[in-house]
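The basis for the numbers below is simple: all heavy atoms, side chains too, and nothing from hydrogens, waters or symmetry mates. Numbering of ligands and ligand atoms starts at 1, following listing order.
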Amino acid sequence: MAVMDVRAPDRTERPTARDLEVRGVVQGVGFRPFVWRLATRHGISGWVRNRSGVVEIHAEGPEPALEAFCAAISAEAPPLARVEDVRWSSGPVLDLSGFEVDRSLSEPGGDRLVSPDVATCPACLSELFDPNDRRYRYPFINCTDCGPRFTIIESLPYDRERTSMRAFPLCEDCRREYLDPSNRRFHAEPVACPACGPTLELRDAGWRPVDGDPIVEAASLLRRGGIVAVKGLGGFHLACDATNDRVVHALRVRKERPDKPFAVMVADVEQARELFELTPEEIALLASPAAPIVLVRDLGRLAPSVAPGHRRQGAMLPSTPLHHLLLREAGVPLVMTSGNRSEEPICTGNEEARERLSGVADAFLVHDREIVSRYDDSVAHVWRGGPALLRRARSFAPSPLELPARVRPTLGTGAMLNGTFCLASGTRAFLSQHIGDLDTEEAMRAYADALDRYRSVFGLDPEVVAHDLHPDFATTRFAEETGLPRLAVQHHHAHIASVMAEHGLGGPVIGVAVDGFGLGEDGTIWGGEFLVCDWGRAERLGHLRTVRQPGGDAAVRHPWRMALAHAADAGCLGEARSLMPERDDEVGVVSGQIRSGLASPLTSSMGRLFDAVSALAWVCREATYEGQPAMLLEQAAEPADAPGYPVRMDLLDGRLIVDTRPIVAGVVQDLRGGVPVGRVSWRFHRSVAQAIELACARIRSSTGLDRVCLGGGVFQNALLVDEAVGRLEALGFSVFVPQQVPAGDGGIALGQVLVAHARMGGEG
Ligand code: ZN
Ligand code: ZN
Ligand code: FE
């Protein structure tokens, strides 16, 4: 089938025929209707059909028309499609009349790709608000260019009967549109209308139906300061008025989420401009078909409890017709946070929401279309004019990532926080959506469910499994329980391999992996690592100076403990104590732990160094969510013309040790001298960037390597990335930064797959 026809083209008007196969993201994106329109335009007869992820076409017509038809398939593909390959061979001339769209043929195996969910398109949006349209204010309007996809798909090929729309037989009007090749809903599998599709209803806190228009009633409740659980695309949100501090605060109490910022949904770009300072790139990302949460600069017009202490705010535009209706009706920006308590997985089912969100929501805006796959919102920010994903979920997963090597079917189980897995085969890697912190049984059930769905939808059965080196991660135990051949991958090696995979790099490269915590090969905690990596190997050439982490995990929740540990190491414990008078009672115990090492492992973590500085500066002394001290410290920074603190490197047993002591001593001295926190934070960021620069320069002089990959959760810090990349580029390094794949532990699973491939003797 892959062989090109080499016979001389027949230029007469006698019809010839071609059989084509089109591969890529070609299902659920309006591809067959597009082919029909092309065929009609070029006077081609034949048929098109889906076969397990491949679009097959039989085309008959005069040779020049066929030629033009084939060229247009990739040149004019619909916006959401990604045509990776078009192959054709001569076929039998069947003298067909007309062009038909066939029903899908279901066959096992085959090459399967499916589009992620897509935010409501402009054409559907204008119908939604057109009083003369039969779908006026219908919350489930969609077409071939937009609407739910992976969240409703049970298996491939993508056809209505294999989605949760199966429960809604088409009415006559919808069927006509569905079957009319000139209609923009031609073969739109989730097509629906008020006569035949899902319906919306509002239930009160006691699950009793509320009379009236559900949108109007829900919006009115929201305006009056209520909290409403809203069933969205990939799960429930909890919504409330983002300008009403009292209700936002109540939501924090009920959801048991004291400080972590809430995302805010705004009606449209105009409302976004009133609330946030936006660059054109940020506006484009907000309004893109993926409609992710975008971190943007806040103008201070929202309730203070929305994102306490933050200058940046997670904003998003409506991604479904239901959200559009609700936002317009409410007239105020709405907090839209995952429908869960604390860090549990997001609720998807009506019964589940009723149970788990009772006592949290005052009402439930629900519908009867089942959510097949659980999806949180994606989170991104703009870096150097383009999007960089911090959380990869709705509308991004399960788009495949292209690996730089052909791998056998492999599962990477990821790490523990921000859990994802990666299922890969050949050069395709399906990195799962963000599932949440995998430290509860419930979260691991959601993880296993998602994996089952990926295995069946993509027809992939792993032969090997890669997991983190940490024996106690639930994902490591999960890997053990598969019974497959397995391989442990060091956490920071996986971080760098993930960046190499994303950018298609072979080794060796210099890897700078900075995060909160990952088990090292020597049994200590790593997190400020300078590595030389290729896919199969990582050599630790340098790291941050190690200090005690007093009380282990307790130091993560109480960053002031790290402040004491770093200050003690730097010889300025007394001065540091004077900055934290409120901790005087506890200092004795913690100092004892630091001296004796009791329950206080050694760590080289960059995340913990940020914690220490954040606590010393009184930006954050108690943390209630992951990364809080570092995020707040970043946002406290006031760019100035001030230099960094002194950076020194030592060589110890052939390894480069970044001496953190002069940095910490400088921070303490500045703070005691009354230097403003914004300036201290700025100087600190510069010192860290300078340490990265110096370490990379030293490694280049001994290895000759000039490509640097930056990985690990600390690189979600845009200020640090800017500063570090700028310095490295000025020295002539090529620098690679995670963009499509999260820098943090959500990207680890991808790297694990590549490492496993190389270690098991795979070729590049
Ligand atoms: Zn649409
Ligand atoms: Zn209908
Ligand atoms: Fe990490």
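- The six-membered or imidazole ring of Phe478 lies away from that of Phe473, with a centre-to-centre distance of 6.0 Å or more.
- Checking His491 against the Fe ion (ligand 3), an N/O/S atom falls under the 2.8 Å cut-off.
- By the 4.0 Å N-to-carboxylate-O rule, Arg540 lies too far from Glu521 to be salt-bridged with it.
- Salt bridge annotation for Glu177-Arg135: present, with a cationic side-chain nitrogen under 4.0 angstrom from a carboxylate oxygen.
- Arg369 forms no cation-pi arrangement with Phe140, by the criterion of a distance under 6.0 Å to the ring centre and an angle within 45° of the ring axis.
- Remark: at the Zn ion (ligand 2), atom SG from Cys171 and atom SG from Cys193 enclose 100°, rounded to the nearest 10 degrees.
- At a cut-off of 2.8 Å, measuring from the Zn ion (ligand 1), the protein N, O or S atoms that fall short of it are Cys121 SG, Cys124 SG, Cys143 SG, Cys146 SG, waters left aside.
- Side chain of Thr410 to main chain of Val465: no donor-acceptor pair is present (N/O by atom type, distance under 3.5 Å, no hydrogens or angles).
- Ring planes of Phe186 and Trp36: tilted class, angle from 30 to 60°.
- Counting just the N/O/S atoms of Asp515, the one with the shortest distance to the Fe ion (ligand 3) is named OD2.
- At distances below 3.5 Å, not a single donor-acceptor pair connects side-chain atoms of Thr476 with backbone N or O atoms of His467.
- The aromatic rings of His685 and Phe610 stand perpendicular to each other, their planes meeting at an angle above 60°, with 30° marking the opposite boundary.
- When you scan the N, O or S atoms of Asp745 for the one nearest the Fe ion (ligand 3), you land on OD1.
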